[in-house]
Amino acid sequence: MLRKSTNCLMRWPTFCLFIILSASLQGCLPGAPKTVVNNTAPTKDDNLALGNPSQAGSSNPDNYLITRPAYSLSYNRKRAIANWVSWHMSAAWKGDVKRGNDFRPDPDLPAGWYAVKTSDYTNSGFDRGHLCPSDDRDGSPADNSATFLMTNIVPEAPRHNREVWKSLEDYSRQLVSAGNELYIIAGTDGTGGTGEGGQTSRIADGKITVPATLWKIIVVLPVGSNDISRLSTNTRIIAVSIPNRQTAADKPWTAYLTSIKDIERMTGYDFLSEVPKDLQRVLEARIDANL
DNA sequence: CTGGTCAAC
DNA sequence: GTTGACCAG
């Protein structure tokens, strides 16, 4: 009953189309259309697609843009922590690369700047808290390793990091497993947190500021391309602002839901700046419904 | 690199 | 029980 493929092409075109798509044979068949169906496979997209919230660049040391394949961030030299980190998240970034734990100074800071090292956090009473999590970047060794550069790390109250912040990270990866992709921006604000040793403004002999607040904005999109055009008034927005205190973990992350507008008021940043103004207004006022 | 802890699932 | 993510030495 098996026919040669040329017969198949004439007699069972639908069947052959299936073969073409599933076995990636397009390149073997000259003349086959390049795009037969919409591409719904998740991709790795621009980490800053929704905008650069603080207009970070190369001129201001306290708003210094660092761009990598894994994420983009604004670094604050005076505070020795990031103002924010922005990254795209989809199943395309996921894999089975083992967590590297290779915390190290960021070699991409300008010459002459102090580069935070992992031992600056030892015995500080604060965790080396990821902004862009290791587990969001386990698709390649290079991407995972990039999350351990100390510019992506902030002094985070241990219970904050391991409990309430982690549970939101886990939830966001569940959203990805369920068929969404995400744009995530996480950052810091204010000075002074409460770690294992009590209230602290700075660690490492004053070199590193302990942020008072960690905030995060998650834009939830269906898997696809043309990112900006996929935002609508129905787009789900998850925004939280969580004090950097051990006791913050006494409540679930849903207790800290807020609006993007509130985070803009707190930080002075402008989020979703690539999105049309009218749509920004709607989405930035939104507070996610409690789950 | 190893062993230990803690919380969540 | 296992896993993930810290810590210290």
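If you're wondering where the values come from, they're calculated on a predicted model, not measured in any experiment. The chains referred to below are lettered A, B, ... by the order of the sequence lines, with proteins before strands, and numbering in each begins at 1.
The interatomic distance linking A:Lys166 (NZ) with C:dT3 (C1') rounds to 8 Å, in whole Å. Atom pair A:Asn123:CG and C:dG9:C1' shows a separation of 11 Å (rounding to whole Å applied). Here C:dG4 presents its P atom at 9 Å from NZ of A:Lys94, a figure rounded to the nearest Å. As rounded to whole Å, 20 Å separates atom P of C:dT2 from atom CG of A:Asp170. Counting to the nearest Å, the P atom of C:dA8 and the OH atom of A:Tyr121 are 13 Å from each other. Between the CG atom of A:Asn161 and the P atom of B:dC6 there is a distance of 16 Å, rounded to whole Å. Going from atom CD of A:Gln174 over to atom P of B:dA8 covers 14 Å, rounded to whole Å. Separating the CG atom of A:Asp138 from the C1' atom of C:dG4 is a distance of 12 Å, rounded to the nearest angstrom.
Among the heavy atoms of the strands lying under 4.0 Å from A:Phe126 are primed sugar atoms or P, OP1, OP2 only; no base atom is included. Residue A:Arg159 is out of contact with every strand shown, counting any heavy-atom pair closer than 4.0 Å.
Contact check on A:Asp127 versus A:Arg159 returns no salt bridge, with no Lys/Arg side-chain nitrogen under 4.0 Å from an Asp/Glu carboxylate oxygen.
Cation-pi check for A:Lys216 over A:Trp165 is met; the charged atom lies under 6.0 angstrom from the ring centroid and within 45 degrees of its normal.
Side-chain proximity of A:Thr122 to the nucleotides C:dC7, C:dA8, B:dA8 is greatest for C:dA8. Minimum atom distance to the side chain of A:Arg162 is reached by C:dC7, of the listed C:dA8, C:dC7, B:dA8. When distances run from any side-chain atom of A:Glu163 to the nucleotides C:dG4, C:dC7, B:dA7, the shortest one goes to B:dA7. Among the nucleotides C:dA8, C:dA5, C:dC7, the one closest to any side-chain atom of A:Asp127 is C:dC7.
Donor-acceptor pairing under 3.5 Å is recorded for the side chains of A:Ser54 and A:Asn63. In this model, no donor atom of one side chain and acceptor atom of the other lie less than 3.5 Å apart for A:Asp189 and A:Trp215.
Grouping Ile, Leu, Val, Met, Phe, Trp and Tyr by side-chain contacts under 4.5 Å, direct or through others, leaves A:Val282 on its own.
Proximity of A:Asn101 to the phosphate of C:dA5: no side-chain N or O atom is located under 4.0 Å from OP1 or OP2.
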